[in-house]
Each structure stands twice: as C-alpha cells, then as structure tokens.
There are 2 protein chains.
Amino acid sequence: MYAEPMSLRYALLGLLAEEPASGYDLTRKFERALRRYAWHAQHSQIYPELNRLATDGLVMVAAEGPRGRRAYAITDKGRSELRSWMLNPPDVFVVRHEFVLRLFLLSTLDADDARAVLRPIVEESARELATLQDSIATNDATTPPGALPAFGRLVAEYGLRSFQTMHDWAVWAMDQIDRASPTAPPDRPLG
Amino acid sequence: MYAEPMSLRYALLGLLAEEPASGYDLTRKFERALRRYAWHAQHSQIYPELNRLATDGLVMVAAEGPRGRRAYAITDKGRSELRSWMLNPPDVFVVRHEFVLRLFLLSTLDADDARAVLRPIVEESARELATLQDSIATNDATTPPGALPAFGRLVAEYGLRSFQTMHDWAVWAMDQIDRASPTAPPDRPLG
DNA sequence: TGCATCATGTAAAAAGTTACATGATTAG
DNA sequence: CTAATCATGTAACTTTTTACATGATGCA
C-alpha cells in the first residue's frame, strides 16, 4: 500500500536537523562521514532532492552566500517527518555491503588466494582502528569530564567496535586457514 | 578509465562457483543468506543477468529440468573473471546500510525517542545472536572434530561477531543515554 | 593571473524495485 | 482438484552513477 524507502530524503533531512547546510556541504558530509559506513550520494542526486524537499516544505532556504550558495534549514514539518521515519524502522533494513559479499565468496578461492584477500583487510582495519581511536581520544579529552556524551560519540563508538570486530575476525580467519593448509612448514619451536 | 562495479554479476558468479543453480535457486539464496548481511537482488534482476553471463561465456546451462528449469554452472572463463575480481578489491567498498544511517541520525532525537529506537535493536540483535549461535553449534557438532573448518564457517563467525558487537553497543548506548538523562528518578539503593 | 576550490545544475545510462504476466508440477 | 510452490520472464518506474556543463570566489 505504501512505499516508504527514499532513505536519501531522510539522510538529508537528518543532516539538516543537526545544522543548516548547502548542497555542497551535504555532498562533503556524505563523502567524508557517511560513505564508508552507511550511505552515499553524489551531488547530482543531492541538489534535485533538496529542491524537492523545499517544494514539499520540509526544508527551506535559510541563507544565501557567494557563488549562488544556498544554505538549507529543516522546517518543523521536516522535523516531524524525520522523527516519524526514525521511530518506524522497517522489518528488514536495506543492506548492500560489498565487503561482506566478498567474505561470502571467499569460499570460491583456494587457501593462498584467500590469505591474499584477508591480509590487506587485517592491515587496513588496524590502521582505520588506530585513526578512530585517536580521534575519539581527542574528542573525549576536550569534553568536560563527567558531562553528557554527545550523540556523535555513540556513532564513533559503533564505528570503533565494528572495526575492532572486523580486525579480530580477519586475524582469526587467517589463522583458521593456516591451520587447515599451512603454506610453509610451521616454524615450530622445540618442545 | 574502467568501471568495474556490477557486484551483482560477481555475486551470481560466486554463488555458481560453489555449486550449479537455477535462477530460482539463486533468488532464494539472496533472500535467505545474502540479503540481511551483504547484498540483495530480485528475480527480475537475476534472470536477465544470467542470460547476459551466458552470452558472455562466463556461465553455461548445465542441466534442464521440469517447468523449464535451467541450472547454470560457472565456466573456466567465469571462474577466472571471478578470481580476478576477488583479488582486486576497490579502495572504498560500496556500503549502503540503512541501520547505520539511522544510528548517525540518532542525534536528531531526544533521549526518550532515542531509547525507543535502541530498545528493539537490543532485543532483536539478542534474538538474532541466539539463532546464529545455535546454527553454528549444530554445524560445528556435525563437523568431524579437529577437521578443517569450511569457508562458510568463516562467514558465520563474522555474522556472529557482528551481531554481538551490535548488541553490546546498543546496550552500552542505552546506558550512556540513561546516564545523561534518566527518565524516572533512578531506583537507587540506600547507601 | 592562474589554479584550487566552491557552488550548482542537467542529461544519459545503468542498476534496482515493483508490478504485471504466464504456466508447469507436486503434494495433500 | 486445488493450493502451494516451482519456474521464468517483461514493463514501467525509481534510484543511483557517470558524464557533461558552467561559472564565481579566494588565495598565492
């Protein structure tokens, strides 16, 4: 009876609920913050959608700047639509995760190829983890001790834990493969 | 210079690398196994793609059955294309995860609404976790002890750890919100 | 003055979803 | 005999990507 996907619409509404932004700003937020974890959208999709949101009265032009810049702000109507979307999650979430798809297909490779796929995952997730840990530490240090943690902190924690999980899993998986079919004779100490 | 996404193509190739299957079988595999974790595709997308894969010589009709059923098998060419795709991951993976998007937007809600969003996550991830743990235990029990673990086991482990992470995080997040703004006066024991 | 970045759009093509359409086989 | 499931397709529509297109501002 009803459709209700259109996550892009709510992603934009959500970002504008945090603070007013232009299409250009929003494009950068997707690229920098959302893309690797949650959702992506190009500017060619964002600008038309902002215009539709404005037509529907969910956002409004809050300020104009140089080079035709238009900063949008969410309206009360927009805020209420966003809230109702947030409080009514679907039964199954849309998931499209090429990394996990590749995990599923690891079984099509032999042990050496599988190791070659896993190795960079171990390395990159370790790097990613360190970066995140660092930026969280910096953030926590600047927050007054004992004060309420900002919501952004919750997302950061989720990202941190997810990378930790990925890293630990990849190390474990490598080990499983090594046990099943060692490349070289294991360098076993005496005893 | 080159495009190279078309993950659906490789998802199909990968599933067919495990065992021959019909479009109908593949549709069910997406629905049952891949959809919640990695990727989804409808039969209306699968059938045309299988025909294209056959035209390109990456798969072939291996068997015909009742009701016009056609079981496809991967060819050597298909296997080699799949391998090269697997060994050449992109710099950034395609990610589209409505659940995580909603996490990002949690900051647009007040504490009560945020709790209302998190509560079902805690409950559902716990259920999911129990189901997965169960099916892994059953699987591990039927596998000869000390034998090489099948690759499917690696994916199952990843799923398990991911749900555990989600669950633990959601519990932690609820607690953080409670600390910042308790709903009712905390039922604090004397002392 | 020239280059990077800011800033917004549209058009064409590809990918994905929903709806329409049809028929065979099998188990109860 | 009839309902569920197996089985494959196409059409219309929506969403997303890639490419085309243009110009202003600020900094070195």
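Just so it is clear: chains get the letters A, B, ... in the order the sequence lines come, proteins before strands, and each one is counted from 1.
Between A:His40 atom NE2 and C:dG16 atom P the separation is 15 Å, expressed in whole Å. Following rounding to the nearest Å, B:Trp39 (CH2) and C:dA15 (P) show an atom-to-atom distance of 11 Å. The nearest whole Å value for the distance from the CZ atom in A:Arg52 to the P atom in D:dT14 is 10 Å. As a whole-Å value, the separation of A:Met6 CE from C:dT18 P is 12 Å. Rounded to an integer number of Å, the gap from CD of B:Glu31 to P of C:dT18 is 12 Å. Atom P of nucleotide D:dC13 and atom CD of B:Gln42 are separated by 18 Å, given to the nearest angstrom. For A:Arg9 and D:dT16, the CZ to P distance is 12 Å, given to the nearest whole Å. Between the CZ atom of A:Arg32 and the C1' atom of C:dT5 there is a distance of 11 Å, given to the nearest Å.
Between A:Arg69 and A:Asp25 there is a salt bridge, since at least one side-chain N of the basic residue sits less than 4.0 Å from a carboxylate O of the acidic one. Between A:Lys77 and A:Asp56, no side-chain nitrogen of the basic residue sits less than 4.0 Å from a carboxylate oxygen of the acidic one, so the salt-bridge criterion is not met. Of the charged side-chain nitrogens involved, at least one lies within less than 4.0 Å of a carboxylate oxygen, so that A:Lys29 and A:Glu19 count as a salt-bridged pair.
For the atom pair B:Arg52 CZ and B:Leu8 CG, the distance stands at 8.5 Å (nearest 0.5 Å).
Ring geometry for B:Tyr10 against B:Trp85 counts as parallel: the plane angle stays under 30°, on a 0 to 90° scale with 60° as the upper cut.
Residues A:Tyr47 and A:Leu53 fall into different hydrophobic clusters, defined by Ile, Leu, Val, Met, Phe, Trp and Tyr side chains chained together at heavy-atom separations under 4.5 Å.
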Protein-nucleic acid N or O pairs under 3.5 Å, nucleotides 7-10 of chain D:
{"from": "D:dA7", "atom 1": "OP1", "to": "B:Arg69", "atom 2": "NH1", "distance (Å)": "3.4"}
{"from": "D:dA7", "atom 1": "OP2", "to": "B:Arg69", "atom 2": "NH1", "distance (Å)": "2.9"}
{"from": "D:dT8", "atom 1": "OP1", "to": "B:Arg70", "atom 2": "N", "distance (Å)": "2.8"}
{"from": "D:dT8", "atom 1": "OP2", "to": "B:Tyr24", "atom 2": "N", "distance (Å)": "2.9"}
{"from": "D:dT8", "atom 1": "OP2", "to": "B:Tyr47", "atom 2": "OH", "distance (Å)": "2.8"}
{"from": "D:dT8", "atom 1": "O3'", "to": "B:Arg70", "atom 2": "NH2", "distance (Å)": "2.8"}
{"from": "D:dG9", "atom 1": "OP1", "to": "B:Arg70", "atom 2": "NH1", "distance (Å)": "3.4"}
{"from": "D:dG9", "atom 1": "OP1", "to": "B:Arg70", "atom 2": "NH2", "distance (Å)": "2.8"}
{"from": "D:dG9", "atom 1": "OP2", "to": "B:Arg70", "atom 2": "NH2", "distance (Å)": "3.2"}
{"from": "D:dG9", "atom 1": "N7", "to": "B:His43", "atom 2": "NE2", "distance (Å)": "3.3"}
{"from": "D:dG9", "atom 1": "O6", "to": "B:His43", "atom 2": "NE2", "distance (Å)": "2.7"}

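Under the rule for a side chain to side chain donor-acceptor pair (under 3.5 Å), B:Glu81 has no partner lying at least two apart in sequence or in another chain.
Environment of CZ in A:Arg28: crowded, with over 12 heavy atoms of neighbouring residues, nucleotides or ligands closer than 6.0 Å.
Comparing the end axes of the helix from C:dT1-D:dA28 to C:dG28-D:dC1, each fitted to five base pairs by superposing C1' atoms of four pairs onto the next four, gives an inter-axis angle of 30° (nearest 10 degrees).
Under the 6.0 Å distance and 45° angle rule, B:Arg96 does not count as a cation-pi partner of B:Trp39.
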